[in-house]
2 protein chains.
Amino acid sequence: MTPRTLDHPDRSEIRLEDVLHALSDPVRLQVVGYLAGSGESSCSAIDLAVSKSTTTHHFRVLREAGVIRQVYRGTAKMSSLRREDLDALFPGLLDTVIRAYDTQRAATP
Amino acid sequence: MTPRTLDHPDRSEIRLEDVLHALSDPVRLQVVGYLAGSGESSCSAIDLAVSKSTTTHHFRVLREAGVIRQVYRGTAKMSSLRREDLDALFPGLLDTVIRAYDTQRAATP
DNA sequence: TCCTTTGTACGACGGTCTTCGTAGTTTGAC
DNA sequence: GTCAAACTACGAAGACCGTCGTACAAAGGA
């Protein structure tokens with residue numbers, strides 16, 4: 001009966017090093033790139049080249065670093081970028097990283 | 001007699017993941033923050049809270065990721081940010097990270 | 001109620017990262 | 001030629017990371 005909850009760092013607890021580390025993995029960059037263009041998505045909506053448990057792991061790293069927010073909705077877990085918090089803390093960072101990711105992906109197919 | 005040289009990745013070899021990983025360490029962020037405000041510096045000009053060999057290691061990580069360029073000058077090794085290359089590849093990334101670093105440092109003393 | 005869908009927990013494995021000390025090299029100054 | 005300064009190379013220790021499979025839990029529909 002307990003509604004399942006997930007720990008998220010408070011905005012004041014988000015550390016730049018942790019955010020950059022969370023973004024320094026190709027799989028997690030792919031997730032962030034996808035979320036940037038899709039708003040809210042379930043974990044399984046993205047086609048990642050790793051197993052289910054590895055996917056869970058990467059989403060948790062992003063959540064614990066403060067990059068994404070996750071909520072349960074039925075059997076699914078919806079994820080979305082914490083744009084407001086990140087933009088307030090580190091203006092422009094998320095956008096420049098996403099643009100850099102898109103640029104690199106376009107350059108190296 | 002061979003002038004000591006150091007391997008640097010070509011601009012086209014610089015990967016976003018590697019750059020973000022290089023920037024995701026507190027010591028290396030401190031180095032980048034310092035270089036951003038000082039232009040070219042020797043390794044020992046920055047007061048890092050780690051040993052000399054660890055310092056060498058962190059500078060190498062930054063160099064191999066393509067974040068800094070290093071050249072020998074006498075007994076010293078001078079380091080500087082690869083601003084042109086990074087700005088061309090990932091516009092705004094370096095500046096936003098440095099600004100975010102300054103902001104966080106000012107907020108958490 | 002049973003089954004499917006969706007995601008979790010746990011433990012494991014191999015690899016990488018950060019850190020260090022010690023010993024060595026290169027350079028320029030005396 | 002000797003010496004100090006600046007940095008490197010090497011190896012080691014311990015922590016951490018990415019990956020997986022297996023077994024499990026929660027929610028919703030038939």
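Here is the naming used below: chain letters follow the sequence lines, and residue numbers restart at 1 for every chain. Excluded from the calculations below are hydrogen atoms, water molecules and symmetry mates; all remaining heavy atoms, backbone and side chain alike, are included.
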Taking all heavy atoms of A:Gln30 and all of A:Tyr101, pick out the closest pair and write down the distance.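 Taking every non-hydrogen atom into account, CA-OH, 3.4 Å.
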
Minimum heavy-atom separation for A:His58 to A:Val27, with atom names?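 Closest approach of A:His58 to A:Val27: CD2-CG1, 3.6 Å.
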
Which part of the nucleic acid, if any, lies within contact of [X], taking any heavy atom under 4.0 Å across all strands shown: a base, the sugar-phosphate backbone alone, or nothing?
{"X": "A:Arg28", "answer": "sugar-phosphate"}
{"X": "A:Phe59", "answer": "nothing"}
{"X": "A:Ser42", "answer": "sugar-phosphate"}

Look at [X] and [N] and indicate whether a side-chain polar atom (N or O) is within less than 4.0 Å of OP1 or OP2.
{"X": "A:His58", "N": "D:dT19", "result": "yes"}
{"X": "A:Thr54", "N": "D:dG18", "result": "no"}
{"X": "A:Ser44", "N": "C:dG7", "result": "yes"}

Step by step, would you call A:Ser53 with A:Thr56 a side-chain hydrogen bond (donor to acceptor under 3.5 Å, both in side chains)? CA-CA 5 Å; A:Ser53 28; A:Thr56 300; over 6 Å; no

Assess, by modelled atom type and distance only, whether the side chains of B:Gln70 and B:Ser79 contain a donor and an acceptor separated by less than 3.5 Å.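 Yes - a donor-acceptor pair under 3.5 Å links their side chains.
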
A side-chain contact here means heavy atoms from C-beta on lying under 4.5 Å apart; do [X] and [Y] qualify?
{"X": "B:Val61", "Y": "B:Arg28", "answer": "yes"}
{"X": "A:Val97", "Y": "A:Val32", "answer": "no"}
{"X": "A:Met78", "Y": "A:Arg69", "answer": "no"}

Could you check how far [atom1] of [X] sits from [atom2] of [N], rounded to whole Å?
{"X": "A:Asp18", "N": "D:dC17", "atom1": "CG", "atom2": "C1'", "result": "14 Å"}
{"X": "A:Met78", "N": "D:dA27", "atom1": "CE", "atom2": "C1'", "result": "15 Å"}
{"X": "A:Lys52", "N": "C:dT5", "atom1": "NZ", "atom2": "P", "result": "10 Å"}
{"X": "A:Asp25", "N": "C:dC17", "atom1": "CG", "atom2": "P", "result": "12 Å"}
{"X": "B:Arg73", "N": "D:dC7", "atom1": "CZ", "atom2": "C1'", "result": "16 Å"}
{"X": "A:Ile46", "N": "C:dG7", "atom1": "CD1", "atom2": "C1'", "result": "14 Å"}
{"X": "A:Ile68", "N": "C:dG7", "atom1": "CD1", "atom2": "C1'", "result": "13 Å"}
{"X": "A:His57", "N": "C:dA9", "atom1": "NE2", "atom2": "P", "result": "13 Å"}

Has the side chain of A:Lys77 got a donor or acceptor atom sitting under 3.5 Å from an opposite partner on the base of C:dG7?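 By the distance-only test, no, there is no pair.
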
Starting the side chain at C-beta, find the nucleotide from [options] nearest to [X].
{"X": "B:Arg60", "options": "C:dT19, D:dA9, D:dC20", "answer": "D:dA9"}
{"X": "B:Ala76", "options": "C:dT18, C:dG7, D:dA6", "answer": "D:dA6"}
{"X": "B:Ser51", "options": "C:dT18, D:dG28, C:dC20", "answer": "C:dC20"}
{"X": "B:Thr75", "options": "C:dG7, C:dT19, C:dT27", "answer": "C:dT27"}
{"X": "B:Arg4", "options": "C:dT26, C:dG7, C:dG21", "answer": "C:dT26"}

Go nucleotide by nucleotide along DNA chain D from the 5' end; which of A:Gly74 and A:Val27 gets its closest nucleotide reached first?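 This one resolves to A:Val27.
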
Which residue lies more 5' along DNA chain D, comparing B:Leu6 with A:His21 via nearest heavy atoms: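 The residue closer to the strand's 5' end, by nearest nucleotide, is B:Leu6.
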
Sequence neighbours excluded, which residues qualify as side chain to side chain contact (heavy atoms under 4.5 Å, CB included) partners of B:Glu13?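 Residues passing side chain to side chain contact (heavy atoms under 4.5 Å, CB included) with B:Glu13: B:Pro9, B:Asp10.
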
Pick out the pairs of N or O atoms, protein on one side and nucleotides 10-14 of chain D on the other, that lie under 3.5 Å.
none

